[in-house]
Amino acid sequence: MLTVENITGGYDATRPIIQEVSFTVKKGEILGVLGPNGSGKSTLLKVISGILPSTNGQVLIEEQNIKHFSPKEFARKMAVLPQLHAHAFSHTVRETVALGRYPHQNSWFSTWSEQDENAVKTAMKQTGVDSYEHTNLEFLSGGEQQRTFVAQALAQQADILLLDEPTNHLDIAHQRQLLDMIRLEAVQNGLTVISVFHDMNLASLYCDRLLLMDKGHVKAIGEPHEVLKEKQILEVYNTRVSSYPHPELPKPQVTLMPTATDERESYVVTKEQFKIRDEFVELRTEFPLKTVSSAVHNAGFGWFQSFVNRAVDLSYMCSDAHEELKSYLEQHDFMPSNTVAMMTAVAAKHVVIREFSNTTGSIIVAVTAGVGNAVDVSRAHERVSKPYIGTINTWVIINGKLTEESFMQAMITATEAKVKAMQQEEIMDPISNTIATGTSTDSLLIAATQNGTFMEYAGPITDIGKLIGQGVYETTVTALQDYKRAKGRL
Amino acid sequence: MKKTILGYIIAFVILIVSIWLGVSIGSVKVPISTLWNTAADPTATNILWKIRMPRVVLAGLVGASLAIAGAAFQGLLKNPLADPYTLGVSSGASVGAVVTLFFGISTPIFGIYTLPAFSMLGALLAMMGVMAFARLVDRTMKMETLILTGIIVSSFLGALISLLIALTGDELRQIIGWLMGSVSMRGWPYVKMVWPFVLIGSFLLWLNRRELNAMLFGEERAKYLGVDVKKSKILILIGGSMLTGAAVAVSGTIGFVGLVVPHMTRLLFGADHRHLLPLSFLNGASLLIVCDLFARTIISPTELPIGVITALIGAPVFSYIFFRQRRTKGA
């Protein structure tokens, strides 16, 4: 355990860089130190490790002041990896790593024990430098040198490890490898780690807690979600960022919000841009649209420029619909990474495309409706059959700028409007014999140009909500009537 | 591991061959068997034991001292161009020696060791002066800064020596000959005078072999590895100055031995000071014995100052190292 109490210090005693810094790091914990250039991150490490003097406060390891340790005792407690520097003469990798055993050795005689040998071998293996142990450092890349020095610090077998930007010079594969390894050391062997990071996202992923420095002071300390707040980062870095959750882990990630984006002309999507082909309906836009959808291909949030609603035969069966659809898109000159695609059993010519506008702006709604598989959602639990294709696909393209909140509200509003249309057209669930609320495989897509009118909310009684409600309702009703007509029921 | 064992074998073989050549070649050819043959020609025995042997041993001690000191200075300063000569430490030792001779200083405590003791003091002061000034100029103590400071200090001290020599008036030629470096006509008393310094100095450096390895990565890193940097630095400086002082006291300023030998040794057997220091010691001894052999035989019967020979070899090597360093840094 490492305790830092009210530490003040730096290069010059009259102008301390680090001021009144206090924190505790528990055994087996990883603390990430963040902060802008010149905020005192590296200086903090140097003061903690006793390279730079402190004018006030103290640093304790296991409740003992570090000033009471001899240099070798201290090196057995704490290993430090400073930033990489050039050096004049060249040791081999092995010689470099073996130097990490210095604090464990007697100064008069060469005492190389089995323990020393094992520590060096393990450290080289952990960092993956063992394959070139007899190579001179000067012949290694920056990343390989960096890993060699990490191995040196590990060979020291100290309880506490201080790292100054350990992932410098490393590609992402080696960043991950190194940090995974350090994380494992912390979890399995109780290694206590304090590491300076430049990359907030890496720090968030690998650290238990973060410490944000600002002008030599502690601005914030706590779990990543407490520290990586947009407002806090704006204050410290004077840079606008947006924070979002990691796709798989409960760790926040931040991304830059560039100030000078390419000035793109304001533009609108019109009904005329929709093309009805033999096998599909397509929309290609000049600029990407921010999209949320439950499509087959590229579902979820994203930015896309092409939108495809592909008509397939009722008997379409494919074990890997995703792959099949992807190759279908490639064959038809769509870039799969830039395209959202759905499938329907309704022929492309039956699509209904309508434009709606009011004072707020305009939307285009496109619906293909096939209700052979209509379901009353409240009675669906009574069914046992597997879903098959027969679906209502709804697209809502909005000329405006939406928040994430309004995207969600737009989905709710559109769904409610669809249900109302089903009711109006008295589409029945054939099994429960009640009015259906949709089909078993309906898809919905909301896309917005993200320029023009700012629409903070999109609930039913907002201006945009009204357009969506009316638009989806009317378009779906028309599409359902077309469907009935095609089936000869009207 | 095998490479270093080979290094020691080669170094010992070369040293033995050098000693053999050193004692047997000269104006009078003396067979090496004279060493152990009690029934040999007494003149030959005399030449060998009274003239050749002390000369070879002295050359060996001086060469060894300068080479191991050079290796240690290079490691300490992380500078491949550092050696007692380029750093101005030799000049400092010269001033110490000349002052001792000029004022006829003799202290009862030091006895015969007065001269090397004052040389060592001069060396230490010059070294500290150079380092302090270089640090003042440029905190990171870049290679060029240090060498330039060494030249400034060297020139100044050289001028000081010239001034002292001019004031003495007589025996000018002898002192100049001494200044250019020579081990001729010294005899056993000189060997006696320096060997304790060589032994202690080398031992001090050898004690710090691992610390030197650590300091190659910078003082900060060495501290993190648990090295008591301040203590090691002081010990290395004292050891290096002791060796330089001893060498200069008996042979004057002989340049470049401390540069060439560690460089070659490092190139062949690696930068690990655990082996670099002893190997430089052995190879330095061999080099100077051979150089001395050349100095006294090449235009026989006239003897060249040994410093001429070492400079003839050393200056091109210095240029080469400098060239290589700059090229690799620029690349």
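Residue numbers start from 1 in every chain, and the chains themselves are labelled A, B, ... in the order their sequence lines are given, proteins ahead of strands.
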Heavy-atom count check: over 12 atoms from other residues, nucleotides or ligands less than 6.0 Å from B/Phe133 CZ?
no

Decide if atom OH of B/Tyr320 counts as having more than 12 heavy atoms of other residues, nucleotides or ligands within a radius under 6.0 Å.
no

Between A/Glu73 and chain B, with a heavy-atom cut-off of 4.5 Å, which part of the residue counts as in contact: side chain, backbone, both or neither?
neither

Among A/Lys46, A/His134, A/Arg76, residue most engaged with chain B (heavy-atom pairs, under 4.5 Å):
A/Lys46

CD/A/Gln115: more than 12 non-hydrogen atoms of other groups inside 6.0 Å
no

Taken in chain and number order and not counting sequence neighbours, the residues that satisfy ring-ring contact (aromatic ring centres under 6.0 Å, His included) with B/Phe73 are none

Can you check side chain to side chain contact (heavy atoms under 4.5 Å, CB included) on A/Gln152 and B/Leu225, steps first, answer last?
CA-CA 9 Å; A/Gln152 188 186 59; B/Leu225 287 168; 4.0 Å; yes

I want to check something: taking the side chain as every heavy atom from C-beta on, are A/Pro71 and B/Lys223 in contact at a cut-off of under 4.5 Å?
no

The interface call for B/Val227 against chain A, heavy-atom contacts under 4.5 Å, is both

With side chain to side chain contact (heavy atoms under 4.5 Å, CB included) as the test, would you mind laying out the steps for A/Leu81 and B/Arg221 before giving the verdict?
CA-CA 8 Å; A/Leu81 179 76; B/Arg221 187 147 217 142; 3.2 Å; yes

For A/His91 and B/Phe217, take the angle between the two ring planes, folded into 0 to 90°, and tell me which bin it lands in: parallel under 30, tilted 30 to 60, perpendicular over 60.
tilted

Is A/Gln156 reaching over with its side chain to a backbone N or O of B/Tyr224, donor-acceptor style, under 3.5 angstrom?
yes

Can you list the residues of residues 34-45 of chain A that sit under 4.5 Å from chain B, counting heavy atoms only?
none

Contact winner vs chain A - B/Ala271, B/Gly270, B/Gly226, heavy-atom pairs under 4.5 Å
B/Gly226

Contact summary for A/Leu99 and B/Asn213, nearest pair of heavy atoms
CD1-O, 3.6 Å

